[in-house]
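Here is the structure we will look at.
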Amino acid sequence: MSAVTDPWETLARTAASDPPLRRLFEAEPDRVHRLTFEACGLALDLSKQPWSAESFARALDLVRACGLEAAREALFAGEAVNASEGRAVLHMALRDPGARDWRAGDQAVAGSVRSELDRMLHFAGAVRNEGVIRAVVHIGIGGSDLGPRLVWEALAPAVPRIELRFAANVDPSEITAALAGLDPARTLVIVVSKTFTTQETLFNARAARAWLATAPGAETRLAAVTAAPGAAADFGVAADRIFPFAEWVGGRFSLWSAVGLSCAIGLGPETFADLLAGAATMDSHFLSAPPEESLPVVLALAHVLNRDILGRPARAVVPYARRLRLLPAFLQQLEMESNGKRVGRDGQPVDRPTAGVVFGEPGTNGQHAFFQALHQGTDVIPLDILAVRKPVEGDPAAHLALLANAIAQAEALMAGRTEAEALAAAGGDPVLAAQKAFPGDRPSGFLLMERLDAPALGALLALFEHKVFVEGVLWGLNSFDQWGVELGKVLAARILPELEGGALAPHDASTAALIARLRGE
């Protein structure tokens with residue numbers, strides 16, 4: 001393909017000639033209507049993103065050129081789109097097993113998915129109905145932790161019938177805090193590990209198992225969620241307390257499987273089913289909507305425009321909802337682990353930037369932290385704002401103040417404050433005016449949820465999952481492996497015996513010195 005017809009180059013040329021956002025709103029009176037997208041209870045306003053009507057059209061050309069439709073069909077058909085591990089990727093089947101004849105390659109999986117889901121939800125209901133368990137301690141890390149933790153914080157009742165606690169970090173303070181004040185006779189421990197070999201999870205699981213043993217009947221209060229049921233049995237988990245999931249369930253996409261068992265117990269099986277149903281509506285939308293109306297596609301294009309065309313390596317995510325405070329961390333893992341790669345599906349280095357840095361805090365907290373850099377810093381950092389129209393609880397007036405702040409930040413970033421306006425605000429002092437001026441023209445997206453309930457949360461998380469997939473296709477990546485996680489884990493397993501006093505292996509001078517210092521040598 002020549003440079004003249006390369007859609008990336010065409011988009012770059014078009015975007016380079018686009019005027020600032022203020023002028024785009026003047027030049028395109030239909031801009032808000034044209035760049036607001038709605039589906040599955042979500043409204044996404046991308047009118048404050050730095051694209052003209054022409055640039056948006058050229059961005060859609062990228063989708064057509066990269067073969068997204070065929071890639072999407074392969075994903076939903078259960079082809080081995082995770083080519084490096086030879087696996088299908090079918091987390092969509094977990095959300096609606098009856099939607100189609102789900103297959104991983106030649107193997108039918110819909111029946112087993114339905115059976116496992118029914119068994120998990122039945123167990124969750126039984127635990128709630130028996131009334132013995134008062135707390136669940138969920139032990140996992142990464143994808144086995146962040147998804148359930150986010151869902152629980154987002155949807156937990158103010159006074160839960162069953163309390164959920166989480167332990168992920170191998171730091172012993174974490175499991176100590178998770179167990180503190182609980183009664184081992186009335187606590188269910190759920191160990192979540194795909195392979196049942198993850199170091200952090202096993203350290204915490206052993207500590208919890210020993211703690212459970214201080215009360216009779218400990219074996220009935222230990223459960224496991226894993227793709228390696230034999231290893232869970234060897235650990236001492238009873239067969240009727242082991243909940244398997246398939247190898248094709250990737251960690252950061254595993255919430256929808258039995259990995260969500262703790263949430264099904266804490267929130268109730270009906271609420272968990274609603275979460276799945278909400279995600280399934282986004283799956284249907286992604287599968288059927290044309291690119292120019294697809295929320296995952298247009299959101300991906302906005303992020304790619306900023307990352308690749310405009311050279312902006314970071315993005316802030318700010319939910320104006322305290323209950324969604326873990327969303328930035330969830331997206332950090334989802335995006336940076338999925339697409340933080342320098343080599344494509346073909347094994348060759350990619351020729352453009354891939355996943356950028358994702359960070360954030362809930363609003364309005366972030367306004368009193370990093371927003372200074374967003375408004376007046378030397379780097380342009382795009383912002384995703386999420387807000388909820390209807391308050392979950394508390395003072396409606398405070399909720400309106402929260403929404404006012406969310407809207408105001410997006411307006412301030414886009415419009416800025418001119419030097420003339422700043423001079424007036426500074427009483428004519430030019431030095432102070434320079435400090436009070438805002439450059440503006442700083443992009444944001446605004447995603448509004450009607451309410452924060454299980455269906456809307458499911459749709460929201462599925463939106464970002466599919467967005468990441470679209471970006472991976474655009475960049476030519478396999479979004480479903482994570483080899484970058486492995487090397488440090490391998491080296492840590494080698495270093496641990498050395499810290500315990502074992503024989504020393506060859507290391508670089510810095511590493512050797514650190515080991516010697518910790519050994520007291």
Test your reading of the model: is there a side-chain donor-acceptor pair from [X] to the backbone of [Y], 3.5 Å cut-off?
X	Y	value
D171	E174	no
W102	D96	yes
T226	S193	yes
Q332	V358	yes
S254	G251	yes
R323	A154	yes
R442	L374	yes
N339	E471	no
R186	A135	no
R165	A178	yes

For W475, is the NZ or CZ atom of R352 found under 6.0 angstrom from the centre of its six-membered ring and inside 45 degrees of the ring axis?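 The answer is no; the distance or angle limit is not met.
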
Is the NZ or CZ atom of R119 both under 6.0 Å from the centre of the six-membered ring of F243 and within 45° of that ring's axis?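 Judged by the rule, R119 and F243 form a cation-pi pair.
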
Rounded to the nearest 0.5 Å, what's the gap from [atom1] on [X] to [atom2] on [Y]? Could you check?
X	Y	atom1	atom2	value
H303	L299	NE2	CG	4.0 Å
S144	E200	OG	CD	11.0 Å
R221	I133	CZ	CD1	7.0 Å
F272	L267	CZ	CG	9.0 Å
L222	L188	CG	CG	8.0 Å
T198	N204	OG1	CG	11.0 Å

Between [X] and [Y], does any side-chain donor sit less than 3.5 Å from a side-chain acceptor?
X	Y	result
N405	Q367	yes
H375	Q409	yes
D274	T271	no
R252	S338	yes
W256	E465	yes
S84	W483	yes

Under the criterion side chain to side chain contact (heavy atoms under 4.5 Å, CB included), I'd like the reasoning laid out for L474 against L301: C-alpha separation, chi angles, the key distance, then a yes or no. CA-CA 9 Å; L474 289 168; L301 290 175; 4.0 Å; yes

Looking at [X] and [Y], does any basic side-chain N land under 4.0 Å from a carboxylate oxygen?
X	Y	value
E247	R87	yes
E163	R134	no
E361	R322	no
R312	D379	no
E335	K467	yes

4.5 Å side-chain heavy-atom contact, [X] and [Y]:
X	Y	value
P328	P319	yes
V485	E337	yes
L447	D384	no

Please lay out, stage by stage, how F464 and F330 fare under the test ring-ring contact (aromatic ring centres under 6.0 Å, His included). CA-CA 10 Å; F464 279 101; F330 177 85; 8.4 Å; no

Verify side chain to side chain contact (heavy atoms under 4.5 Å, CB included) between V259 and V249, making sure each step is shown before the conclusion. CA-CA 10 Å; V259 169; V249 179; 5.8 Å; no

Given R72 and V470, is the side chain to side chain contact (heavy atoms under 4.5 Å, CB included) satisfied, shown in steps? CA-CA 8 Å; R72 184 185 61 194; V470 173; over 6 Å; no

Begin from the C-alpha positions of V225 and V191 and carry the test side chain to side chain contact (heavy atoms under 4.5 Å, CB included) through to its verdict. CA-CA 6 Å; V225 178; V191 182; over 6 Å; no

Which of parallel (below 30°), tilted (30 to 60°) and perpendicular (above 60°) describes H91 and F480?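 Rings of H91 and F480: tilted, as their planes differ by 30° to 60°.
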
Parallel under 30°, tilted from 30 to 60°, perpendicular over 60°: which one fits the rings of F235 and F196?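 Taking F196 first and then F235, their aromatic rings stand perpendicular (interplane angle over 60°).
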
Please determine which of V127, I190, V192 meets the side chain to side chain contact (heavy atoms under 4.5 Å, CB included) test together with L261.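 Passing option: I190.
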
Using the rule side chain to side chain contact (heavy atoms under 4.5 Å, CB included), only one of V317, L461, L146 pairs with L331; which is it?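 So the option named by the test is V317.
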
